[in-house]
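What follows is one structure encoded as C-alpha cells, with my remarks underneath.
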Amino acid sequence: MARLPPVQAVQPTKPLLRTLAGLPAERPPIWLMRQAGRYLPEYRETRARAGSFLDLCYDPELAAEVTLQPIRRFGFDAAILFADILLIPQALGQGLAFRENEGPVLDAIRGAAELTRLNPQGIHARLGPVYEAVGRIRTALPDDCTLIGFAGAPWTVATYMLEGRGSTDHAAAKTWAFGNPAALSSLLAILVEATVSYLDRQVKAGAEVLQLFDTWAGVLPEMEFRRFCVEPVRQIIARMKELHPGVPVIAFPRGAGLYLEGYAAATGADALGLDYTVPLGWARDHLWPKTVVQGNLDPRLLVTGGPALAEGVQRLLRSFGGRNHIFNLGHGIVPETPVRHVEQLVRLVKGTETSV
Ligand code: CP3
C-alpha cells in the first residue's frame, strides 16, 4: 500500500524569514533602516531624475530602482520598500510636502471637527503606484533576499498629522491625548483602518514581512502609551494575522525603554526593533531569546567607522550569537555615512572580515 510522506511544515530558506521563524543561523541576517537614501550617490542621482522625494515615492519604476540599489551594492538580506510613513495622511486627503532641510510639512488638523475631511475610501487610488513598486521589487529581488513592506504606527503618524511637522515636544498630539482623548481615538481608528488596508495590499503585491515604525513611542506616560501607542498597533497586527497569518510583523517602538518588556506580548509583534539606547544585557535578560530582536547599532557609529565600528559590531554579534537576532541600526542611517563604512559593516556581520 502506498504511503504518503509525513506532512511537514515547509521551512523558509531566506535568512530573514528563517530568523523570524526562530530557526538557527550562523550569523544574523542584516538590513539597515533607511538603507535607500541620500548617503548613496546613485540614490541622489535617481532622486534628482524623479524631481522630488514624493515624486520618487509615487514612481513605481524609480521607487523600485532605489529600493534595489543597496541590495546590489551591499547584498543585504532584506530590501525595504521605498516609500514614507506620511503617504497615508496624504492618501487620506491631508496636504503634504517635503521641504529641503525642513522635513515634512502637513496641513495640521486643528480640531476634532476637521477629522471629517479625511477620506478613507480614496486611499488606494493614490497609493496604487506603491503597490506596483512592491510587485516590481519582488520580481527583481535575488532569491535569498526578503521584501519588507511597512507603515507608520498610528500614534507616530498622528503626531505629524496634528503637529503639521516634526516636533520635539509633540505639544499638539499630547493636547489631544490629555484634553480630547475620544477625538484622538477617532483619528487613530481611521489610521488603523487605512493602515490595515494599505499593508494588506502590500502583502498581496509581494511584501513578505511587515515593519511598523513607531518613532515617537517613547514620549507618553504609561496610561496614554497603552491606549494610544500599544492598542492601535495591537489592532493592526491582530487584523494582519487574520488576513495573512504567515507574514511576520516587526514592531519598532523607538524610545519605548522600560515599556519594551511585555510590548511584544501586548501587541502580538513577532519581532522587536531596538533603538540604540536599549542596553544589550537588559535585552538579553528581558526580551530575548523568546522575542526575536532587531538592531541596534548607533547610526553615528557607522559615520565614525574604524575600530569603534568594529568593536560595536562585535559586541552586538557576541550578545546574541546570531540567534533570534536581526542585525540593524538603532535608527535610520544618516546621509553623511560613508559608503565604505557600510561595506565594512556588511563584511563584519557576514564574517568575511574580523577586524579593521
Ligand atoms: O528605510 C528605507 O530605506 C525605506 C524608506 C523609508 C523612508 N522613510 C524614506 C525617506 C522609511 C521606512 C521611512 C520611514 C519614516 N518616514 C519614519 C519612521 C522612521 C524614522 O526615521 O523615525 C518617519 C518618522 C518618516 C517621516 C520622514 N520622512 C521625515 C521626518 C523625513 C525628513 C527627514 C529626512 O531624513 O530628510 C522623511 C524623508 C525621507 N523618508 C527620506 C527618505 C529616504 C529623505 C528624503 C530625501 O531624499 O530628501
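Order of appearance sets the numbers: ligands from 1, and atoms from 1 within every ligand.
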### Of all pairs that satisfy salt bridge (Lys or Arg N to Asp or Glu O under 4.0 Å), the ones with a partner from residues 40-54, not counting sequence neighbours
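Output for this query lists Glu42-Arg73, Glu45-Arg49, Arg47-Glu100.
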### Summary
Residues with a heavy atom under 4.0 Å from ligand 1, by chain and number, are Met33, Arg34, Gln35, Ala36, Arg38, Tyr43, Arg47, Phe53, Ile80, Leu81, Phe82, Ala83, Asp84, Ile85, Phe98, Gly103, Pro104, Phe150, Tyr160, Phe213, Thr215, His331
### Task
Say whether, by atom type as modelled, one donor and one acceptor occur between the side chain of Arg126 and the main chain of Ala91 under 3.5 angstrom.
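Pair absent, no side-chain N/O of Arg126 close to backbone of Ala91.
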In residues 75-82, what donor-acceptor pairs under 3.5 Å come from side-chain atoms, sequence neighbours left out?
unit_1	atom_1	unit_2	atom_2	d
Asp77	OD1	Arg27	NH2	3.3
Asp77	OD2	Arg27	NH1	2.9
Asp77	OD2	Ile30	N	2.8

## Note on the structure
With sequence neighbours left out, the residues meeting side chain to side chain contact (heavy atoms under 4.5 Å, CB included) with Asp107 are none
### Task
Kindly check if the number of other-residue, nucleotide or ligand heavy atoms within 6.0 Å of OH (Tyr276) is above 12?
no
### Pair Glu231-Arg234, salt bridge (charged side-chain N to carboxylate O under 4.0 Å, His left out): steps then yes or no
CA-CA 5 Å; Glu231 179 55 20; Arg234 188 196 67 75; 2.9 Å; yes
